[in-house]
Trainee: 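Shown below is the structure under consideration.
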2 protein chains.
Amino acid sequence: MPRRSAPHEPAKRGYHHGNARNALLTAAAGLLEKLGAASLSLRQVAERAGLSRQAPYNHFKNKEALLAELAREGYERLAASLAASRDAQGRNSLERAAESYIRRAQEAPALFRLMFSRELVDLARFPAAAQAGAAAFEALKDIVATCAPADRVADLALAAWSLVHGYATLCIEVALEPADRRAERARLFARILRAAAATSDAHH
Amino acid sequence: MPRRSAPHEPAKRGYHHGNARNALLTAAAGLLEKLGAASLSLRQVAERAGLSRQAPYNHFKNKEALLAELAREGYERLAASLAASRDAQGRNSLERAAESYIRRAQEAPALFRLMFSRELVDLARFPAAAQAGAAAFEALKDIVATCAPADRVADLALAAWSLVHGYATLCIEVALEPADRRAERARLFARILRAAAATSDAHH
DNA sequence: GTTTGATATTGACGATGTCAATATTGATGT
DNA sequence: ACATCAATATTGACATCGTCAATATCAAAC
């Protein structure tokens with residue numbers, strides 16, 4: 001499902017202006033942050049894209065499917081952010097990854113909510129989106145693997161994801177604290193995870 | 001806003017069957033887990049409570065206000081759970097609190113989602129609910145205070161809440177892993193937090 | 001018993017998601 | 001050049017929803 005059509009394919013297919021699908025997704029992404037996923041209506045999306053009422057149904061099965069595609073794109077960008085944090089130089093990839101994750105939540109809260117809530121989109125019904133989400137988690141696991149003993153990576157990656165995701169969620173949902181503490185919190189979480197990795201106690 | 005009227009007040013006030021407000025809340029709580037907060041309609045709530053279409057508007061300003069009351073009750077029960085974990089005997093109150101928190105999410109995911117999402121209810125507009133939520137966090141902070149140095153309680157309580165909330169959220173939203181690992185994860189998180197509390201490194 | 005205020009109900013309206021039916025377009029085969 | 005066809009687009013229609021107004025009904029106070 002490429003967002004932009006490949007350069008060698010005929011650029012315009014439909015008769016109106018061709019890339020109606022992209023126009024719809026762009027319009028939807030804009031409305032998403034303005035109204036929230038629940039209040040966003042397909043009719044407004046269509047109008048903003050300069051199309052008719054029913055246009056979304058030419059490209060998506062229903063509202064949930066359109067939202068699922070937005071979520072998928074969000075997961076893809078998140079995974080790219082995390083991979084970039086991992087590949088950059090320096091030993092503090094964990095801090096950088098945590099900060100990216102939190103920043104994404106704070107800069108596009110409605111999209112973040114959409115990605116991580118079954119309320120409006122059930123990811124299980126959209127394998128492409130679910131797979132993109134799994135890929136993002138894999139990127140995070142890679143980072144944790146660089147600073148934890150092998151037999152603890154699974155547990156610590158789970159804890160890392162939970163910790164950062166929980167903080168990001170609480171920030172945007174409960175207004176836990178202002179966004180300018182983001183970097184500081186990313187450092188705190190990285191320190192906690194490294195301390196946990198360094199502790200060697202029995203599993204029972 | 002007592003859920004059940006005090007025994008000395010006249011039990012029935014309205015002419016239909018008096019405690020219409022309770023009937024509406026009970027009906028709404030039932031439908032909430034069946035349909036989700038977004039799909040739940042006030043008309044269905046009213047019908048299930050044996051009342052007319054417009055009955056909810058006699059007791060709540062609008063749909064959001066009714067949902068906010070459900071969230072408030074949820075926060076109150078959560079705070080009670082955490083306080084009970086703290087007051088029970090034994091030194092592992094942290095594990096017990098984490099497990100309670102996760103259990104609540106898994107047993108009533110729609111309510112949990114409602115409590116922790118601005119999508120449908122903006123807590124800032126419902127001070128009673130917001131205050132109940134703050135009380136729950138205070139209970140958690142009390143527990144962390146029993147196993148962390150005083151100058152780290154704030155940071156570690158934040159981390160504890162984030163860690164447990166993140167895991168609970170990911171479990172119900174992304175089907176991270178089955179519910180039977182709950183106790184095991186509660187122990188893992190408690191161990192991580194204690195390890196972080198035991199580490200004494202500089203803040204910069 | 002009449003007044004009164006809270007509570008309950010029905011009517012109405014605009015908005016929404018979505019199904020059906022129809023129309024339009026650009027490409028294709030001749 | 002033209003008929004064909006599948007993809008794409010549009011309009012019509014319907015049930016459902018949240019919510020405002022207007023109205024009806026009860027319980028208690030004077």
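All values below were derived from every heavy atom in this structure, side-chain atoms included, with hydrogens, water molecules and symmetry-related copies excluded. A, B, ... follow the sequence lines: proteins, then strands. Residue 1 opens every chain.
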Trainee: Only distances under 3.5 Å count here; give the side-chain donor-acceptor pairs of residues 118-125 of chain A to other protein atoms, sequence neighbours excluded, each with its distance to 0.1 Å.
Mentor:
from     : atom 1 : to       : atom 2 : distance (Å)
A/Arg118 : NE     : A/Asp122 : OD1    : 3.3
A/Arg118 : NH1    : B/Ile172 : O      : 3.1
A/Glu119 : OE2    : B/Ala37  : N      : 3.1
A/Glu119 : OE2    : B/Ala38  : N      : 3.1
A/Asp122 : OD1    : A/Ala124 : N      : 3.3
A/Arg125 : NH1    : A/Glu64  : OE1    : 2.8

Trainee: Run the salt bridge (Lys or Arg N to Asp or Glu O under 4.0 Å) test against B/Lys141 and tell me which residues pass, sequence neighbours left out.
Mentor: B/Glu138
Trainee: Over its full length, what angle do the end axes of the helix from C/dG1-D/dC30 to C/dT30-D/dA1 make, each axis taken from five pairs and the result rounded to 10 degrees?
Mentor: 10°
Trainee: With sequence neighbours excluded, tell me which residues meet side chain to side chain contact (heavy atoms under 4.5 Å, CB included) with B/Pro127.
Mentor: none
Trainee: Go through C/dA8, D/dA9, D/dT19 for me and flag the one nearest to the B/Ser52 side chain.
Mentor: C/dA8
Trainee: Does anything in residues 28-54 of chain B pair up under salt bridge (charged side-chain N to carboxylate O under 4.0 Å, His left out), and if so which pairs, sequence neighbours excluded?
Mentor: none
Trainee: Output the single nucleotide from C/dT18, D/dT8, C/dA8 whose closest atom is nearest the side chain of A/Tyr57.
Mentor: C/dT18
Trainee: With a 4.0 Å cutoff (strictly under), does any side-chain N or O of B/Gln44 reach OP1 or OP2 of D/dC17?
Mentor: yes
Trainee: Under the rule for salt bridge (Lys or Arg N to Asp or Glu O under 4.0 Å), what residues qualify as partners of A/Arg86, not counting sequence neighbours?
Mentor: A/Asp142
Trainee: So which of residues 31-43 of chain A are in contact with DNA chain C, with a heavy-atom cut-off of under 4.0 Å?
Mentor: A/Leu40, A/Ser41, A/Leu42, A/Arg43
Trainee: Just to verify, what does A/Arg194 make a salt bridge (Lys or Arg N to Asp or Glu O under 4.0 Å) with, not counting sequence neighbours?
Mentor: A/Glu95
Trainee: According to side chain to side chain contact (heavy atoms under 4.5 Å, CB included), who are the partners of A/Gln131, at least two apart in sequence or on a separate chain?
Mentor: none
Trainee: Between residues 114-123 of chain B and DNA chain D, which residues have a heavy-atom gap below 4.0 Å?
Mentor: none
Trainee: Please list all pairs meeting salt bridge (charged side-chain N to carboxylate O under 4.0 Å, His left out) that have one or both residues in residues 166-176 of chain A, counting only residues at least two apart or in different chains.
Mentor: A/Arg113-A/Glu173
Trainee: Between the base of D/dG18 and the side chain of B/Arg53, is one N or O donor paired with an acceptor at under 3.5 angstrom?
Mentor: no
Trainee: Please list each protein N or O that sits under 3.5 Å from an N or O in nucleotides 21-23 of chain D, with the distance.
Mentor:
none

